[in-house]
> 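First the structure, which I've put down as structure tokens, then a few questions once you've had a look.
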Amino acid sequence: MPDNSHSVKQLSVQNLSVRFPTVRGTVCAVNGVSFELSQGASLGIVGESGSGKSVTARTLMNLLPRSAEVSGGVEFEGADVRRLARERVKHFWGVKMAMIFQDPMTSLNPVKKCGTQISETLRYHLKRDRKTARHEGIDLLNLVGIPEPKKRFDQYPHELSGGLRQRVVIAMALACDPSLLIADEPTTAVDVTVQKHLLDLLDRLRKERGMSLILITHDLGVARRRCDEIAVMYAGRIVERGKPEDLFEDPRHPYTDALLRSMPRLNTPIHSRLEAIGGPPPELINPTEQCSFAPRCTLAQADCLQSVPQLSGVIGMREIACFYPANTKRGRRALAKNRARGKTAAGLQMSARRHTSG
Amino acid sequence: MAGSGDGSLRSEGDMLLTVRHLSVEFPVGRKRLLYALSGVSFDVAEGETLGIVGESGCGKSTLAKSIIRLNQIKSGSIEYQGRNLATLRGDELRRVRPDLQMIFQDPISSLNPRRKIRNVIAEGLAIWGDRQGVWARNHVEELMVSVGIDPKLGDRRAHQFSGGQCQRIGIARALLLDPKVLICDEPVSALDVSVQAQVLNLLEDMKIRYGLTLLFISHDLCVVRNIADRIMVMYLGKVCEIGDAKAIFEHPKHPYTRALLAAIPEPAPTVEVAEGDISGELPSPIDPPQGCRFNTRCPRATEICFIEEPLITQLGDQDHYLACHNPVIS
Amino acid sequence: MNVVLDEAEAKKLGCIFWLAVGWLGVLVATTSFAPLLPIEDPSAIATGPARSGPSLDNWFGTDALGRDVFARTVYGARVSLVVGFVAIAFGMVVGGTLGIIAGYFKGSIDLIVNFAFFALLSFPGLVLALLITSTFDRSLRTVSLTLAVLAVAPIGRLARATTLLYGEREFVQAARVLGARHFRIITRELLPVVMIPMAALALLGMGVAIVAEGGLAFLQLSVEEISWGVIINDGRGIRDLQENPHVALMPIAAMFITILSLNFAGDRLRDYFDVRETAF
Amino acid sequence: MAQFALRRVLQLILVFFVVTFVAFASLKLVGDPLFNLVGVISGITEEQCEAVARGELEDTFTSGGNIGDCALIQRAKAENHLDKGVPQRYGIWVINMFRGDFGTSFVNGDEISDIIADRLPVSVRLIVLAQLIALGIAVPWGVAAAYRANRGFDKVSTVGSFALLSVPNFALGVILLYFFSLRWQIFPSRYENHGWWSEFKALILPAATLALGLAATYQRLLRTDLITTLQEDFVHMARAKGLSDRHIMYRHALRPSLFSVVTVFGVNTGALIGGALVVEQIYSIPGVGTELVEAVLRNDPPVVVALIAVVAVGFVLVNFLVDLVYAYLDPRVRSA
Amino acid sequence: MKSPVYCRAVAPSASVLLALCLVAAACGGDSGSNRVNNNDTEVAVEESDTNNTTSNEAETVAPTSSAPPLEGAEEGTVCIGAACEEPSTDAEIAPEPVRGGTLRIAVEAEADGLNPATNNFAVSAYSIGYSIFDPLFGIDSEGNWFPFLAESAIPVNDGISWQVQVREGITFHDGTPLDADALIANFEAMIGDPIVSLALAPNFPQENRYEKIDDRTVQYNLIRANAHFPVNFTSQLGMIASPAWLEAAAVDQNLNQHPVGTGPFVLDNRTQDVSTRVVKNPNYWRGSEDVYLDAIEFFITTDPALAAEQLVAGDLDLVVTSNADAALIIGGSDDATAVQNVYSEENFVMLNSQKAPMDDIRVRQAITFATDREGYRDLITQGTEPLADSMYHPDLIWNNPDVVQEANMPERAAPLVDAYCAEFAQNCSDGKVKIELQFSGPSTLQTRIMDVLSAGWEAYFEIERQQLPQDQHIVETALGQFQVLTWRQFGEADPDNEVIWLECATATGLIALNWVRLCDPERDALLFEARATDDLDRRVEIMQQVQAEVNAAYTYIFLTHSNWTVGFRNSVKNVCGQTGPVDKTLLCNTQGRGFYHNVWIDEG
């Protein structure tokens with residue numbers, strides 16, 4: 001956003017890396033991710049499975065398994081989050097920072113009443129008594145637009161539909177009035193009509209409460225309308241970051257570009273061939289020092305296989321981690337070269353039918 | 001909406017598959033019934049791709065399973081090549097089966113985790129050992145190559161493949177017996193975007209290569225839009241709107257279709273977002289609403305919608321059929 | 001994303017598994033070739049001074065009648081293993097078949113079979129064994145078959161539960177769609193899947209059967225041959241425990257290690273094939 | 001719920017009939033119950049009887065009573081319905097049972113209802129105590145192991161639980177008795193019941209014998225289920241809510257993780273009764289188990305069948321209870 | 001409606017005969033084996049009851065005065081254990097008795113019931129029974145009878161009839177007086193019981209079995225003269241129960257569990273198979289001040305070794321057992337004392353002389369020669385029991401020192417087996433005689449015994465083992481359906497008691513109490529002569545001759561003398577100091593049967 005220069009920096013993630021040692025090797029789930037978030041802003045993190053978006057969120061929420069090795073800094077409202085985690089600070093997560101999860105069916109405890117699960121947070125963190133917690137809980141249900149909140153308060157999760165459950169989850173997350181809400185694929189498991197309502201709700205709540213939002217999704221379309229800024233992740237790295245309209249209209253990273261092309265859209269003709277992304281999915285275990293998208297990238301050149309391109313560009317406007325960004329002169333040249341060769345530097349066959357990028 | 005009747009059936013006689021008044025009900029304890037499908041009628045011409053869309057719980061998966069007789073059918077008929085699949089039993093049914101194959105939603109659980117994928121793909125031959133002709137044309141390795149699985153990996157098991165590859169294996173298995181109709185039940189919804197495109201492309205390729213007729217079920221309108229010739233929109237076990245894909249997407253008449261289109265994160269330019277704002281929850285299929293089943297959420301519902309169930313009717317002479325008392329007139 | 005988190009631990013059977021299998025292998029080998037090995041006749045009395053502790057001549061000492069406890073333990077293993085093996089083999093064949101059929105076809109077959117399992121389970125196992133062995137004879141065949149009958153219900157219930165779990169899976173539907181007959185679906189699709197948890201349970205069940213034989217021996221209703229249970233029972237009198245505890249403790253140790261091995265092997269197998277522990 | 005209860009009651013009745021009938025039929029095969037009624041002459045064949053009647057065979061003891069009187073055998077048979085077929089006898093038995101008459105022992109003439117009234121409470125107390133001990137050990141143990149799964153404590157406790165699982169209960173019983181009662185004299189070596197405290201002391205060792213293996217079983221199940229539950233989204237959600245680990249473990253994860261334990265709790269009741277059979281034997285506890293074994297060995301069919309019926313009914317009742325516990329544990333079951 | 005009466009009469013009767021047999025069946029004191037059900041094991045109707053001696057002598061006033069049956073030893077009681085130096089049995093320097101307390105006794109089997117007229121009394125039932133019932137006559141420490149409840153017993157008609165007079169003023173626990181009618185009621189109840197009468201009826205004619213002389217005197221009329229008739233009434237048959245209770249118990253079988261006698265203790269409560277508690281009778285006819293204990297609790301502990309351990313651990317006060325392990329545990333403890341004596345049964349192998357191949361004396365000889373008695377003694381009794389050569393302990397005057405069991409000489413078996421097999425090839429296989437070895441099980445000890453015996457026989461016999469449940473074992477034994485088995489009996493205080501096991505009258509027929517079914521008329525003549533005489537020397541002479549003949553018939557292979565042990569904690573005093581009414585010291589521990597009314601507990 002052009003005006004985020006005057007907003008208060010709320011969250012700052014610096015060079016965050018998360019590794020999981022396993023028998024088969026070290027899984028590098030997140031590799032040097034950095035981003036900042038202003039108070040009241042919303043950031044979309046978009047990526048396919050395995051891109052590290054959820055791990056990033058869980059790192060922020062201190063939800064990683066003990067085996068995880070984390071490095072880098074996370075600062076939230078001036079406090080070092082990782083130090084808070086080490087010191088087992090009690091009333092921070094759930095109070096300042098809250099999170100909602102993908103599947104409303106599973107993110108509510110099936111054996112506890114919805115109301116109990118909401119008021120539990122209030123009682124635990126804010127030491128409300130049973131009665132007050134109930135009142136506030138019902139208010140929260142009201143806030144997230146649940147009809148008949150009193151009745152719902154005493155119902156079990158299985159008695160509610162998916163959409164309602166996700167609203168309950170949101171109410172739960174909002175209970176202590178957090179200043180940052182992390183939504184991890186909040187609408188993946190619900191139908192489109194419900195998804196729309198939920199996204200609207202999150203948007204509304206964010207604006208009403210001056211809350212920041214990190215929206216994690218695999219669906220570029222979801223992030224587009226709801227976020228001030230979008231970060232695209234691939235293999236544990238942010239490969240491109242920028243404003244939604246820029247990203248959609250003028251994707252620079254070949255991955256973003258390819259992703260957009262591979263999505264079927266309403267405005268493309270029927271039976272139009274989709275541009276699938278070829279090549280193997282990224283290697284997460286003991287990855288080699290190279291651009292992780294290179295093996296699948298139609299623009300890949302020899303130097304893409306030599307070193308990892310760093311995220312660079314204008315912070316707040318557009319940052320790309322690529323040596324040969326798509327839709328640029330450099331990119332077009334690289335593509336032309338590869339097509340002439342019939343394959344990329346990483347050995348990916350260039351399909352004759354493949355559309356040019358740019 | 002959510003209408004009854006067989007008004008949606010096209011008059012041409014060369015339909016490959018004609019479903020009439022198909023009803024499926026499941027007992028859900030205490031003598032209550034879940035009305036999964038209620039009087040669904042439609043037809044599919046040879047070589048056509050029918051996209052079936054609707055929210056979860058609308059009966060689209062039940063429909064798929066009913067056509068290939070994985071469900072008990074309450075009433076109605078499924079005509080395929082002059083035979084009524086709904087009444088076939090035992091060996092007769094078994095003999096028809098190779099003609100109608102299916103691809104499942106969860107690519108991994110649709111493959112037996114303990115069997116080598118070569119055997120999984122070749123299962124059809126093992127069952128129909130006598131089909132020499134099939135063997136001659138579609139031997140397993142060739143098929144593996146054509147779906148993009150390296151035959152050298154044939155000795156591996158499902159868990160050693162990614163979701164996309166598993167779906168390819170599933171497609172190969174389905175194609176081995178040279179089916180006429182391929183029913184795809186949400187074949188790409190469990191896949192990542194980049195892989196989804198590969199599988200969709202593959203399906204298109206295979207359709208052309210083997211002359212398939214596709215029933216493509218999805219909740220993702222964009223995907224359906226890309227692959228389907230015709231679209232059928234379902235709601236709570238009934239058909240709302242059916243017709244040529246272009247017509248449906250560009251001139252949706254049914255309020256529900258419009259709502260679906262409006263709810264897409266990147267909504268279709270043909271509908272206004274506000275127009276599709278339907279509220280409320282999907283009613284229970286155990287106790288569906290009287291009259292038009294969409295009446296509880298429909299922004300255009302009038303009195304008649306609560307009393308009378310709309311019949312499906314053709315819009316003019318176009319390939320566009322609709323069940324609604326108050327359609328949107330553009 | 002969860003994939004990364006959950007699969008942090010790669011699958012390996014691990015050395016404990018191989019240790020366990022090793023012990024079982026050695027046991028089976030030793031007992032199979034027992035007659036060829038240079039060990040005492042297990043029923044010869046006074047091979048050494050009665051009630052003497054372990055020595056070079058009698059590795060595990062001697063019992064009240066001066067019989068060699070080592071030889072008896074080795075020969076006892078034969079009977080115990082046979083009992084265990086027959087029990088689970090029968091349990092797997094009969095219980096497995098019934099369980100799969102019940103879980104696959106459901107409906108009234110399932111109702112009847114499941115009820116039969118339930119009724120069988122509500123018969124306290126040892127009482128049933130007691131009834132049978134006191135009714136018929138105490139031959140190895142009777143005892144093995146008795147314990148085999150007892151193995152049917154637990155294994156059958158597991159087979160049924162697993163079949164129910166997988167019977168609705170899409171790969172089974174796919175086979176039906178391909179036109180496979182029930183028999184083929186059961187044998188080719190379900191059996192390989194059901195076998196694994198069944199095999200894991202069978203390993204545990206073998207331990208249970210061996211212990212049950214011991215329990216029968218404890219009530220003096222087990223086989224007439226030398227089995228571990230018989231030896232333990234022979235040496236478990238209070239005075240024997242005091243004066244020559246090795247008579248009971250050596251076969252107890254052998255039984256313990258064997259059952260431990262079976263349990264470990266079964267558990268590792270379960271983990272390896274990612275079988276969720278089913279409450280059968 | 002009512003329908004569910006009805007179904008369970010039906011099941012109970014069916015199990016009762018099946019189990020008792022099988023027991024009845026199999027007892028028909030067991031030895032000769034007549035021996036307990038008429039003594040040694042029960043071994044005399046009908047041919048011999050006839051020979052005695054014809055004076056061809058000498059009856060040594062006619063002077064000392066009517067032993068050689070084969071009518072005695074016939075009468076004993078008739079009065080105890082031993083001359084009828086199994087189904088008929090079973091019918092008579094069932095009818096009498098529903099009249100509250102379990103009959104009397106063939107051996108000592110005791111009212112079987114008295115035997116049950118004497119024996120059952122002891123066994124029930126033993127089994128309940130064993131289950132309580134087992135759960136008391138297993139729950140904190142399982143939670144501790146699952147909390148840091150595959151770490152040091154869990155690995156050690158896995159070995160421990162497997163070791164416990166692998167100790168045959170008869171061996172454990174004898175060893176515990178030997179050390180705790182006879183050598184160290186911490187617990188009484190003999191069952192006694194001078195008030196609840198003395199009985200409690202006397203039942204601790206046998207209950208522990210049963211409980212240790214059981215605790216290991218429960219711990220394994222609970223641990224596995226807890227590990228699974230701890231990966232559930234709602235646990236992540238609870239953690240994201242900032243709740244403490246302890247709170248999450250006991251208030252969120254434990255209850256949904258108890259299903260397998262509860263199921264096994266029910267199904268194991270049968271095995272537990274079998275185990276109690278041996279353990280009661282070791283500690284000479286006058287429970288159903290000892291009586292059952294005695295009755296089988298002394299060839300006392302009415303007692304055997306009655307006790308088996310009691311055990312079967314107990315088994316079904318426990319499983320009925322288990323279903324209720326399910327309903328408590330999982331509201332989804334309640335509404336289903 | 002005969003049925004209830006019938007049931008009562010018949011059901012327990014079985015167990016009595018069963019008991020008869022079983023003493024022996026459980027040879028070697030296996031009672032304590034791990035066998036679960038011991039209800040019926042180990043029991044005996046007093047064989048003495050079947051005495052039939054004719055006495056031609058003049059009427060003797062009771063008590064009879066025969067010479068002490070012991071030879072050598074002044075007292076038959078052996079004491080082992082820590083407290084032996086302090087003669088707890090010695091009443092002279094007995095310290096002041098301590099009153100009060102409960103004596104906890106382990107008995108190894110439960111009695112079906114405690115009705116002396118219908119139930120069978122095993123050692124366990126005797127222990128409980130003697131605390132509730134007094135016998136008509138007792139046996140003193142020298143083995144002679146003396147009047148207990150009776151005032152006197154006078155033989156009339158050369159001993160064909162006996163007049164028994166009871167003491168005056170005795171009442172039962174329920175207040176009924178003890179008089180002639182009570183004696184008659186007891187006699188009627190017993191003779192009316194099909195099995196108990198087995199031991200009683202043969203001595204009496206069909207008619208006029210008794211006459212009531214006066215209110216306290218009954219005259220019993222026998223078939224033939226018996227010089228030792230009162231011995232009949234020293235045990236179960238002599239236990240006099242309340243006639244009112246007997247009558248009630250005849251209708252309600254359950255009352256058998258609630259006995260009413262005249263004894264020093266009254267039944268308090270009884271849980272079948274668990275425990276029986278009796279409390280001091282405050283109105284005991286001999287004066288309740290001599291009954292020191294407040295109560296006795298009898299516990300059923302089927303494993304004698306466990307009972308012994310419990311005794312040592314202090315959970316019990318007194319244990320009665322014939323088990324070697326138990327005896328060794330008690331003997332090895334500093335806290336307990338074991339008392340044993342010579343009045344014990346013999347353990348032996350029994351060969352059925354009517355059943356091939358045992359009908360051939362060569363085979364019987366061969367198996368006798370091949371028997372490893374030392375192995376049996378060392379491995380089975382762990383050396384605790386002495387080897388037996390005949391029906392009597394060497395310390396008893398009846399014993400014939402010249403009779404030696406010809407075992408442990410396998411070399412002599414070979415030619416006999418060869419000769420037999422040459423003749424009867426069908427009964428042989430590979431030059432070995434095929435035999436069936438029957439034993440009752442399941443039982444660890446029995447199995448061990450079979451293992452040891454087989455080890456000796458295997459060289460010449462091909463042994464097929466047949467383990468039978470106890471009941472079937474007894475049936476087949478009584479019906480003569482066996483070849484070889486082990487048994488335990490003999491060794492009674494009065495040798496006349498053995499007649500029934502040896503005479504021809506019981507050797508044939510359906511049920512033979514002469515189990516080996518060997519009839520020897522000469523032996524019968526000797527036995528009846530001994531019965532008729534009161535001449536001790538002649539009796540000794542005859543019994544020694546009988547032993548020689550038994551030995552020559554090779555039907556019994558005597559192994560060891562069983563070793564009945566009464567073990568008690570050192571705090572238990574005066575176990576062997578029980579006295580009868582005429583200041584007679586009662587025989588301590590006859591085959592485990594015990595009186596406990598003069599016992600006291602001194603924890604100090």
Side-chain angles (χ1 to χ4, degrees), chain C residues 2 5-6 9 16 115-116 118-132 134-136 150 153-154 157 204 207-208 210-212 214-215 217-221 228-229 232-233 236 238 241-242 245 248-249 252 255-264 267 276-280, chain D residues 11 14-15 18-19 22-23 26-27 29-31 150 158-159 162-163 165-171 174-175 177-178 182 220-221 224-225 228 231 259-264 267 269-278 281-282 289 292-293 296-297 299 304 307-308 311-316 319:
Chain C
N2 287 351
L5 301 184
D6 296 348
E9 206 76 24
I16 290 183
F115 177 78
F118 191 75
L120 208 54
L121 280 174
S122 61
F123 239 117
L126 217 48
V127 175
L128 191 68
L130 207 70
L131 269 181
I132 297 180
S134 62
T135 303
F136 300 102
L150 293 178
R157 272 171 78 105
L204 307 188
V208 172
I210 291 175
V211 170
F218 204 85
L219 301 174
Q220 313 213 356
L221 286 168
W228 282 341
I232 294 168
N233 185 51
R236 73 158 173 114
I238 293 293
L241 281 184
Q242 223 163 359
L249 289 186
I252 283 179
M255 193 186 251
F256 174 76
I257 296 171
T258 306
I259 294 163
L260 197 63
S261 300
L262 288 168
N263 283 348
F264 263 126
D267 188 69
R276 181 99 153 63
E277 227 150 327
T278 316
F280 47 85
Chain D
Q11 193 181 29
L14 255 172
V15 165
V18 168
V19 168
V22 169
S26 64
L27 274 177
L29 305 166
V30 179
N150 297 322
T158 298
V159 174
F162 272 113
L165 276 176
S166 310
V167 185
N169 59 7
F170 50 85
V174 169
I175 291 167
L177 173 76
Y178 184 73
L182 299 177
R220 300 293 309 155
L221 288 173
T224 315
D225 283 11
T228 314
Q231 289 165 0
F259 290 97
S260 301
V261 171
V262 169
T263 309
V264 168
V267 176
T269 312
L272 196 56
I273 293 167
L277 214 84
V278 171
Q281 213 65 58
I282 295 171
L292 196 46
V293 178
V296 168
L297 292 183
N299 214 338
V304 176
L307 291 181
I308 286 179
V311 169
V313 168
F315 178 81
V316 182
N319 280 283

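Here is how names work: the chains are called A, B, and so on, in the same order as the sequence lines, proteins then strands, and each is numbered from 1.
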> Taking side chain as C-beta onward, heavy atoms only, is D/Asn319 less than 4.5 Å from C/Leu121?
no
> Is the closest side-chain heavy-atom distance between D/Phe170 and C/Val211 below 4.5 Å?
yes
> So for C/Phe264, is it side chain, backbone, both, or neither that comes closer than 4.5 Å to the heavy atoms of chain D?
both
> Go through it in stages, so that I can follow the logic: the residues are C/Asp267 and D/Arg220, the test is side chain to side chain contact (heavy atoms under 4.5 Å, CB included), and I'd like the CA-CA distance, side-chain angles, deciding distance and then a yes or no.
CA-CA 10 Å; C/Asp267 188 69; D/Arg220 300 293 309 155; 3.5 Å; yes
> Can you say whether D/Val18 sits under 4.5 Å from chain C via the side chain, the backbone, both, or neither, judging by heavy atoms?
side chain
> Among C/Leu249, C/Leu241, C/Ile252, which residue forms the greatest number of heavy-atom pairs with chain D at distances under 4.5 Å?
C/Leu241
> Identify, with sequence neighbours excluded, every residue that meets ring pair (Phe, Tyr, Trp, His ring centres under 6.0 Å) alongside C/Phe118.
D/Phe315
> Under a 4.5 Å heavy-atom cutoff, which of C/Ala116, C/Gly214, C/Ala129, C/Ala119 has the most pairs with chain D?
C/Gly214
> Please look at D/Phe162 and chain C and tell me whether the side chain, the backbone, both or neither of the residue comes under 4.5 angstrom of a heavy atom of that chain.
both
> Which region of C/Leu260, side chain (C-beta onward) or backbone (N, CA, C, O), has a non-hydrogen atom less than 4.5 Å from a non-hydrogen atom of chain D, or is it both or neither?
both
> What residues form a side-chain hydrogen bond (donor to acceptor under 3.5 Å, both in side chains) with D/Asn169, not counting sequence neighbours?
none
> Using a cut-off of under 4.5 Å for heavy-atom pairs, which of D/Leu14, D/Val313, D/Val262, D/Ile175 has the most such pairs with chain C?
D/Leu14
> Please test C/Thr258 against C/Met255 for side chain to side chain contact (heavy atoms under 4.5 Å, CB included), starting from the C-alpha separation and ending with a verdict.
CA-CA 5 Å; C/Thr258 306; C/Met255 193 186 251; 5.7 Å; no
> Can you tell me which portion of D/Ile308 sits under 4.5 Å from chain C's heavy atoms? Options are side chain, backbone, both or neither.
side chain
